[in-house]
Amino acid sequence: MSQASQMLFGSEEPQRAVPVLVPVPADRPYSYAVPVGMAVEPGSIVQVPLGPRQVAGVVWDGETEVINPAKLREITKLFDCPPLQPAMRRFVDWVAAYTLSPPGLVVRMALRAPAAFDPEPMMEGFRFAGVSPERITPARARALELAASMPHWTRSGLAHAAGISAAVVDGLIKHGSFEPVALPPHPAVPLPDTTYGRAELNAEQISVADSLRAATVNADYGVTLLEGVTGSGKTEVYFEAVAAALDAGRQVLILLPEIALTQAFIDRFHTRFGAPPAEWHSDMPPRMREKIWRQAAEGRVRVVAGARSALFLPFRELGLVIVDEEHDPAYKQEERTFYHARDMAVVRASLEKVPVILASATPSVESRVNASQGRYEHLRLQSRYEEAALPDLSLVDLRRHPPARGRFVSPVLLTAIEQTVARGEQALLFLNRRGYSPLTLCRACGYRFHCQQCSTWLVDHRLRGQLSCHHCGHTEKRPESCPECGTMDHLVACGPGVERIAEEMLERFPNSRTVLLSSDLPGGPKRMRRELEAIADGGADIVIGTQLVAKGHHFPLMTLVGAIDADLGLANGDPRAAERTFQLLHQVTGRAGRSGRASRGLIQTWQPEHPVMQAIASGDEERFYERELAERERAGMPPFGRLSAIIVSAATRREAEDYGRALRAAAPDDGGIDVLGPAEAPLAVLRGRHRFRLLCQGSRQESMQVFLRRLFAAAPRPRGSVQVQIDVDPQSFL
DNA sequence: AGCACGCCGACT
DNA sequence: GTCGGCGTGCTC
């Protein structure tokens, strides 16, 4: 309340003040005065003055202490918008506490649709007034006949439906045959119809679908791990749980890794439910974003399929959460607020008291452990859909069958490619390395091209004529001479990237159609989609791709998959390296054999005895998971929790160092914490340095969270932005 | 996170 | 003599 109005009312009573969470890194809500006559409640979305600007915030729970009444400012406006539900507010608090980030920054993720807080404007429509105009034309007759069949119309809607021009409708409005009405805004997507395209499921699928449906109808928190090999119909099966939630009048959230948000998924959903789901991801048009946010809050949107940020949508009556490809590393957000969307989805489901389904062909080790310990229900789909058979997998020992000098494809694989192409089928060569070559060196002086900022090797991108750093994005022109000794034409590429494999295929099979797929190819997603469609239609013989070919695309003619350097990624020091490699190889070999024809997978490796290679070749996944667990146990890394990194970065380097000293003083002397300046921290994560194990003392069950809490209580966070990455399983804290 | 205030290099 | 780089501090 302003000074003037206080004098006007002459009141001695202090105004009512409420806590408001504003989207800044404050670790508690600020206090704002409630203007007389404004009815706010916890969850209300309000506009408040903050410094020089107006921001949207959320009225939070609890009482507020007004620290300095002179500073108290008034709420500017209460938005006409559904309040944030209690479960959602608890979720924000939970995520903030868990990630040790200020709640204000977490609530910001839930408010990322600025224009959505005001209601969408009503649309201008009209209805038939029962009066016919004096002059009737065929067009008018058609319009009037149609108009009477429905309660209301929009101008363009009627014109389109009647096959007449909008001018005819205008004329009828003018003559009073139609009277205007305000219509609710268009729905973002049509309502899904759960009876629309029921899939025909086999006996195994029906039994799994029944379990999922039962869990959904039960409408209480519970996690189900749905494990099904590629092509086993996982999606169709969990769609039955989606249908059950919709029939029960609840909303559904389907999380997908960003890359899997493809037209293919949308199409499958459309086929089952007669309408597409609402999409939610980072590069959506702002208008659509706002519409979906608003309609999710109002309950008008029933299903959202989205990337990890969809987790923060304000659903009104959430009934089911699905995390597809739950093992996918894209669920980890590693900037600003660090969180793992799969884990936070479990948390949200728990707070909303709804079931959650984690689906994958290759579950993460931690989910498998949760399942085996009985915290998750474990459902499996063992058989592949219809005639689709699993490919026949074998290892190619590169020591026994080495490629020719300066080449990277083994004679064994070359022969297989030749035979495949001769049969009119397709071969897929997978190599998870973009560019032409990961290292360029000078044969004259031994100089290695490296990034000035990161000291990592520069990757040769020959198609673009550039050397580029995959860590910081730095690029430079590919030089002719050595920058160290100046010698011309003595630069040599070491090791393969996909471009180099493509070159090798063009040389070896000049009459075959070779296609290169890589995320950095010119033309963007549109061109990529065209290429994928062309391949599916048989427009290529040999396809060479990075890990993007492992995800979700259906290539019916693909009967051979070759992994060029399957060991790549096993030796990079990542504690999850084996797991990641296993998942990637499993997925990419699953691309073959979906046509019912006999298919093969050949995996080139220098270490055929490695457990990952053995597991892939034998198909014995159980053994792999058991080994991986034992391995983590041996290394002192429990199956989940306490594994991984904590990266702390303060606003300035000096502050970071002061803070580091305080933290180390509070921590046991295992040196498990590293404190970095703001510029270094993200880079360090990327480079895979600074991965520390935090030794929690005591029992296995003692959580990292408890440890961190103690730590942070002992050394309060400095001002500025402190980022903490925690990579543990939140199950232990629910 | 924004945004303003404030103190040292290359320019109309 | 100024424009502007981003380091530092604040927002109820």
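A, B, ... follow the sequence lines: proteins, then strands. Residue 1 opens every chain.
Side-chain N/O atoms of A:Ser360 and A:Glu326 include no donor and acceptor closer than 3.5 Å.
Taking the centre and axis of the six-membered ring of A:Phe91, the NZ or CZ atom of A:Arg348 falls inside the cone set by 45° and 6.0 Å.
Rounded to whole Å, atom P of C:dT11 lies 17 Å from atom CG of A:Leu21. Following rounding to the nearest Å, A:Leu50 (CG) and C:dT11 (C1') show an atom-to-atom distance of 5 Å. Atom pair A:Arg28:CZ and C:dC12:P shows a separation of 12 Å (rounding to whole Å applied). Atom pair A:Leu72:CG and C:dT11:P shows a separation of 13 Å (rounding to whole Å applied). Nucleotide B:dG2 holds its C1' atom 9 Å from the CZ atom of A:Arg108, rounded to whole Å. Distance A:Arg112 CZ to B:dG2 P: 9 Å, rounded to the nearest Å.
Ring orientation note: the planes of A:Tyr447 and A:Phe449 are nearly perpendicular, at an angle over 60° on the 30°/60° scale.
Residues in residues 33-62 of chain A take part in no ring-ring contact (aromatic ring centres under 6.0 Å, His included) pair, two or more places apart or across chains.
Within the 4.0 angstrom heavy-atom criterion, no nucleotide atom of any strand lies near A:Pro29.
Residue A:Arg73 places at least one side-chain N or O closer than 4.0 Å to OP1 or OP2 of C:dC12.
Annotation: proximity of residues 52-64 of chain A to DNA chain C (heavy atom, distance under 4.0 Å) is found for no residue.
Checked by atom type and distance alone, the side chain of A:Gln47 never pairs as donor or acceptor with a backbone atom of A:Phe79 at under 3.5 Å.
Partners of A:Ala110 according to the side chain to side chain contact (heavy atoms under 4.5 Å, CB included) rule, which considers only residues two or more places apart in sequence or in another chain, are A:Met88, A:Phe312.
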